[in-house]
Amino acid sequence: MRPLFTFFTEARESATMAVTAIAAHKLRSALTLLGVLVGVFSIIVVMTAMRVLQSNIERQLASLGGETFMVRKWPGTMFGVSSGDREKYLRRKNITMKDGQRLMDKISLPVNIGIEAVFWSGEIDTRYKTSAPLVRLYGETPGSFQARNWNLAEGRLLMDADVDGTRNVCVLGSGLATNIFPNSSALGELIKVDGIGYTVVGVLESRGGMAGGDQDNFVVVPLTTCLNRYGHWWRSLNLLVQAPDRASYDATVEEVRGIMRVLRKVPPGKDDDFEIASNNSMIDQFKTFTHSVRIGVAIVSSIALLAAGIGIMNIMLVSVTERTREIGIRRAIGAKKRNIMVQFILEAIVLCEVGGAIGVIFGILGGNLLALLMQLPPVIPVDSVVLGLVICSVVGIIFGTYPAWKAANLDPIESLRYE
């Protein structure tokens, strides 16, 4: 117990002396830790930005139910897609309303199929006020509501008659309804989307306050109405397919894949000319892309930290020379070699940790600028922060060991004579 207490006492005293020595040379210390700051900043800012993007993707995918997947022309995300693959996707045939209807006729396992597309984003006008220019316009069929877990709060949902008759009716997200009709019910009211009037027939339940309620800020109109208004010959639609349960999810995916290959006349042995995207597949694709980015950032940051470590070693060697007489006095009054080594190693570690801590703070702030622009909750990548600070300690130990060893092995007599 006594040796352990002695060790901690010596470590505390050495740490105090290290901080005092750093504070005595503020400018030199600041320039030295700048390299560590840049290296850690580059790691943390990228990791924070990646977490923000991932949280945004997961937020968007959360609108799909656990048993729902999407059939679409394009991949769920375009991260890491090469120009050659983009050309391949571009050459694919569009998924049309007819494809969705034929799939519904032939399928047996799914409990629900919806057809959808996002057509527009802008302002909604009412007789009371105009919304912010961030409202999305979805064209949907009745099956989309259950597939997306959109539950009715009041009024009614879209019906087949609305789609068949291309009616100018709409269903509002909860956040939008509250915003543009703050003092009354939205049912029966007229809204204008891109200058066209639609009658509100229903309002959906709120899906929560994530990202400031943005996921409730949309309008749903019959898909055929949107296609007639915004054109359909160049537009590819998305098919939302809901499996009966988790146990039959994989079987449902395979049945849909087989039918789509037949409908689109894909030859045996050829790749699908469509994508089947689920929550997990799109998140996995994003993680594959970010893995490459993280490797690149790690390499760049390692170079910066290596340069910072060399700078730390250089400054510590200068410090040893400047404090030769001090070292001689300490040795003369009983300090052991290990006390000198611990002091100088801790000084190098403190330099690195101060630079690392500042780099972490600026990295988190810089990465969360993206969250601010995307109106998302701020993110703190705790694992990356801990890793960055651990790396700082390792850099301090590695590059502080030789100067510390040199200081500990100075001849006490010669050191006392040093001027």
Task: Distance-only donor-acceptor check, side chains Glu353 and Ser393, under 3.5 Å - done: yes
- [ ] Decide yes or no for Phe344 and Met316: does some side-chain heavy atom of the first lie under 4.5 Å from some side-chain heavy atom of the second?
- [x] yes
- [ ] For the residue pair Leu158 and Val220, establish whether any side-chain heavy-atom pair is separated by less than 4.5 Å.
- [x] yes
- [ ] Please check if any side-chain donor atom of Lys129 sits under 3.5 Å from a side-chain acceptor atom of Asn179, or the reverse.
- [x] yes
Task: Contact summary for Leu237 and Ala117, nearest pair of heavy atoms - done: CD2-CB, 3.7 Å
TODO: Sequence neighbours left out, what pairs pass side chain to side chain donor-acceptor pair (under 3.5 Å) with at least one residue falling in residues 258-269?
DONE: Arg261-Asp272, Arg264-Asp273
- [ ] Identify the residue among Cys170, Cys226, Ser121 that makes a side-chain contact (heavy atoms from CB on, under 4.5 Å) with Leu137.
- [x] Cys226
- [ ] May I ask you to check whether Trp150 and Tyr138 place their ring centers less than 6.0 Å from one another?
- [x] yes
Task: From Leu134 atom CG to Phe218 atom CZ, the distance as rounded to the nearest 0.5 Å - done: 14.5 Å
Task: Flag side-chain contact, heavy atom, 4.5 Å: Val221 against Val193 - done: no
Open item on the list: Could you check whether any side-chain heavy atom of Val360 comes within less than 4.5 Å of a side-chain heavy atom of Phe41, counting everything from C-beta outward?
Closed with: no
Task: Atom pair CG/CG of Leu103 and Leu263 - distance to nearest 0.5 Å - done: 6.5 Å
Open item on the list: Does Trp405, at its CH2 atom, have more than 12 non-hydrogen atoms belonging to other residues, nucleotides or ligands within less than 6.0 Å?
Closed with: no
Task: Asn339 side chain near Arg330 side chain, heavy-atom distance below 4.5 Å - done: yes
Task: Atom pair CD (Glu322) and CD1 (Ile315), whose distance is rounded to the nearest 0.5 Å - done: 8.5 Å
TODO: Go through Ile44 and Ile364 one step at a time and tell me if the side-chain contact (heavy atoms from CB on, under 4.5 Å) criterion holds.
DONE: CA-CA 6 Å; Ile44 301 301; Ile364 291 175; 3.7 Å; yes
Open item on the list: Go through it in stages, so that I can follow the logic: the residues are Ile276 and Met70, the test is side-chain contact (heavy atoms from CB on, under 4.5 Å), and I'd like the CA-CA distance, side-chain angles, deciding distance and then a yes or no.
Closed with: CA-CA 6 Å; Ile276 293 183; Met70 186 181 293; over 6 Å; no
- [ ] Would you name the heavy atoms of Ala186 and Val203 that are closest together and state the gap between them?
- [x] CB-CG2, 4.0 Å
Task: Separation between CG of Leu34 and CD1 of Ile358, rounded to the nearest 0.5 Å - done: 9.5 Å
Task: Evaluation steps, side-chain contact (heavy atoms from CB on, under 4.5 Å), between Val256 and Met260 - done: CA-CA 6 Å; Val256 169; Met260 288 298 294; 4.1 Å; yes
TODO: For the pair Arg92 and Glu275, find out whether any cationic side-chain nitrogen is under 4.0 Å from an anionic carboxylate oxygen.
DONE: yes
Task: Nearest heavy atoms of Leu223 and Gly139, plus distance in Å - done: CD1-O, 3.7 Å
Task: Side-chain donor or acceptor of Ser42 paired with backbone N/O of Gly39 under 3.5 Å - done: yes
Open item on the list: If I compare all heavy atoms of Val52 with all of Gly367, which pair ends up nearest, and what's the gap?
Closed with: CG2-O, 4.1 Å
Task: Straight-line distance of Ser174 OG to Asn151 CG, nearest 0.5 Å - done: 12.0 Å
Task: Beyond-backbone contact of Ile340 with Val342, side-chain heavy atoms, under 4.5 angstrom - done: no
Open item on the list: So does Thr96 get a backbone contact from the side chain of Asp99, meaning a donor-acceptor N/O pair under 3.5 Å?
Closed with: yes
- [ ] Run the numbers on Glu255 and Ser108 for side chain to side chain donor-acceptor pair (under 3.5 Å), then give the verdict.
- [x] CA-CA 8 Å; Glu255 184 184 24; Ser108 61; 2.6 Å; yes
Task: Heavy atoms of other groups near Asp383 CG, more than 12 under 6.0 Å - done: yes
TODO: Mark yes or no for whether Thr141, through its side chain, and Ile115, through its backbone, hold a donor-acceptor pair below 3.5 Å.
DONE: yes
Open item on the list: Between Ser144 (side chain only) and Glu140 (backbone N and O only), is there a donor and an acceptor less than 3.5 Å apart?
Closed with: no
TODO: Under the side-chain contact (heavy atoms from CB on, under 4.5 Å) rule, what do Val71 and Asn238 come out as? Steps first, then yes or no, please.
DONE: CA-CA 6 Å; Val71 182; Asn238 301 327; over 6 Å; no
- [ ] Not counting sequence neighbours, list each pair that qualifies as a salt bridge (charged side-chain N to carboxylate O under 4.0 Å, His left out) and has a residue in residues 112-122.
- [x] Glu116-Arg148
TODO: For residues Phe274 and Trp74, establish whether the separation of their ring centroids is below 6.0 Å.
DONE: no
Open item on the list: A quick test of your reading: do over 12 heavy atoms of other residues, nucleotides or ligands sit less than 6.0 Å from OH of Tyr230?
Closed with: yes
TODO: For Val36 and Gly355, work out which heavy atoms get closest and say how close.
DONE: CG1-C, 4.2 Å
Task: Shortest non-hydrogen contact from Ala308 toward Gly35 - done: CB-C, 3.4 Å
Open item on the list: Looking at Lys106, I'd like to know if its NZ atom is crowded, meaning that more than 12 non-hydrogen atoms belonging to other residues, nucleotides or ligands lie closer than 6.0 Å.
Closed with: no
Task: Donor-acceptor contact present, side-chain Arg51 to main-chain Val46, <3.5 Å - done: no
- [ ] Using modelled atom types only, decide if a donor and an acceptor are shared between the side chain of Thr324 and the backbone of Thr321 within a distance under 3.5 Å.
- [x] yes
Task: Enclosure of Leu152 CG (heavy-atom neighbours >12, cutoff 6.0 Å) - done: yes
Task: Distance (rounded to the nearest 0.5 Å) between Thr68 OG1 and Asn149 CG - done: 6.5 Å
Task: Side-chain (Ser131) to main-chain (Ile124) donor-acceptor, under 3.5 angstrom - done: yes
Open item on the list: Between Asp194 and Trp120 (side chain of the first, backbone of the second, donor and acceptor by atom type, cut-off under 3.5 Å), is there such a pair?
Closed with: no
Task: Test item: Val163 and Met97 side chains (from C-beta on) under 4.5 Å apart, heavy atoms - done: yes
Open item on the list: Quick one, Ile180 and Tyr128 - any side-chain contact, counting heavy atoms below 4.5 Å?
Closed with: no
